[in-house]
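Naming convention: chains lettered A, B, ... in sequence-line order (proteins, then strands); numbering from 1 in each chain.
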There are 2 protein chains.
Amino acid sequence: MAISEAEAIIMEVLWRASPRSAEDILAEVGPQQGWQEGTVKSLLNRLLKKKAVKAERDGRRYLYAPRLPREQYVSQESKGLLDRLFGGRVAPLVAHFSEQRKLSKKDIAELRKLLQELDDEQP
Amino acid sequence: MAISEAEAIIMEVLWRASPRSAEDILAEVGPQQGWQEGTVKSLLNRLLKKKAVKAERDGRRYLYAPRLPREQYVSQESKGLLDRLFGGRVAPLVAHFSEQRKLSKKDIAELRKLLQELDDEQP
DNA sequence: CGACTTCGATTACGCGTGTAAACATTGAAT
DNA sequence: ATTCAATGTTTACACGCGTAATCGAAGTCG
């Protein structure tokens with residue numbers, strides 16, 4: 001089953017550092033999202049049920065950690081968007097951002113370097 | 001309110017060609033999605049409520065057409081993904097696809113051309 | 001040992017979604 | 001006019017989501 005948007009926010013916290021307690025997660029995400037304890041606990045439980053995180057007992061409480069790697073999640077999401085909106089091809093996506101003037105100088109420089117590297121590795 | 005996934009499928013049909021009747025839409029999307037009449041009608045009504053499509057009477061029936069431009073939808077969705085997963089920067093997104101070997105030769109060629117054009121227009 | 005605190009688990013509830021059946025309306029045919 | 005067929009409108013229903021309150025178990029302190 002898919003990871004929802006609110007759940008993904010919890011995942012991001014865990015991907016940044018884990019394992020962590022629920023209290024710890026709440027401290028990081030609660031104020032920012034306006035969530036309270038019960039909300040975070042529920043989300044953690046749903047993520048457990050979805051096997052996206054695992055929990056390891058630590059005395060009275062649990063420490064949570066991702067089971068789903070971020071890379072995999074990013075891949076799924078990105079591929080989904082690419083397929084739905086750009087016929088599965090990357091160039092049109094970049095062209096879209098280019099037209100929207102969403103390419104920073106830094107982006108352009110990095111893209112150039114990336115293409116350069118692709119050249120080098122395939123002689 | 002956001003356009004849901006099922007709704008987006010209807011929108012794609014309308015973006016390809018419009019205005020079109022519900023029957024017409026059903027013919028194109030029904031078999032492929034396994035949807036039947038009521039489903040398509042419901043989705044159209046929700047899209048109307050969301051102001052994403054408009055309907056113009058044509059005799060006994062309506063002809064539907066997008067009100068939300070595809071370009072705008074694509075922008076929202078793309079920006080959402082970019083912000084959520086890649087810190088809002090395009091280069092990391094492309095790097096991701098590159099690592100996943102999702103860049104076709106054609107993509108690479110087009111990207112190169114795109115960068116070239118960016119060079120040209122900002123002398 | 002009994003009350004209090006601390007966690008996690010269970011339950012709740014309104015809302016959107018996917019999917020469709022039932023109902024209503026209206027033009028067409030008899 | 002009456003009835004039939006075609007369309008759109010309303011209602012339905014289960015399920016996931018966002019958000020929490022409540023329940024329950026398990027240490028902790030007096």
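Considering only residues two or more places apart in sequence or on other chains, B/Gln32 meets the side chain to side chain contact (heavy atoms under 4.5 Å, CB included) condition with B/Val29. Take B/Phe97 and apply the ring pair (Phe, Tyr, Trp, His ring centres under 6.0 Å) test, not counting sequence neighbours, and it matches no residue. Annotation: ring pair (Phe, Tyr, Trp, His ring centres under 6.0 Å) contacts of B/Trp35 (sequence neighbours excluded): none. Remark: A/Glu12 pairs with A/Trp15, A/Arg16, A/Arg70, B/Leu85 by the side chain to side chain contact (heavy atoms under 4.5 Å, CB included) rule, at least two apart or across chains. The side chain to side chain contact (heavy atoms under 4.5 Å, CB included) check on B/Ser104 picks up A/Arg89, B/Lys106, B/Asp107, with sequence neighbours excluded. For A/Leu115, the side chain to side chain contact (heavy atoms under 4.5 Å, CB included) criterion is met by A/Leu118, B/Ile108, B/Leu111, B/Arg112, B/Leu115, not counting sequence neighbours. B/Phe86 is linked by a ring pair (Phe, Tyr, Trp, His ring centres under 6.0 Å) to B/His96, counting only residues two or more places apart in sequence or in another chain.
To the nearest 0.5 Å, the span separating CD on B/Gln33 from CD on B/Glu28 amounts to 10.5 Å. Rounded to the nearest 0.5 Å, atoms CG (B/Leu14) and CZ (B/Arg67) are 12.5 Å apart.
For residues 34-57 of chain A, proximity to DNA chain C is found at A/Lys41, A/Asn45, A/Arg46, defined as any non-hydrogen atom under 4.0 angstrom from a strand atom. For the contact set between residues 10-31 of chain A and DNA chain D, defined by any heavy atom under 4.0 Å, there are no members.
Comparing the local axis fitted to the first five base pairs of the helix from C/dC1-D/dG30 to C/dT30-D/dA1 with the one fitted to its last five gives a bend of 30°, rounded to 10°.
When DNA chain D is scanned in the 5' to 3' direction for atoms under 4.0 Å from non-hydrogen atoms of chain B, the outermost contacting nucleotides are D/dA6 to D/dA12.
Distance B/Ile9 CD1 to C/dG18 C1': 11 Å, rounded to the nearest Å. Counting to the nearest Å, the C1' atom of C/dG16 and the CD atom of B/Glu7 are 9 Å from each other. Per the geometry, CZ belonging to B/Arg60 stands 12 Å off P belonging to C/dT26, to the nearest Å.
The shortest distance between side-chain heavy atoms of A/Ile3 and A/Leu68 falls below 4.5 Å. Considering only heavy atoms from C-beta on, A/Val40 comes within 4.5 Å of A/Leu44 through its side chain. Counting only heavy atoms from C-beta outward, the side chains of B/Gln100 and A/Lys79 never approach each other to under 4.5 Å.
A side chain to side chain donor-acceptor pair (under 3.5 Å) check over residues 43-56 of chain A, counting only residues at least two apart or in different chains, returns the pairs A/Glu7-A/Lys50.
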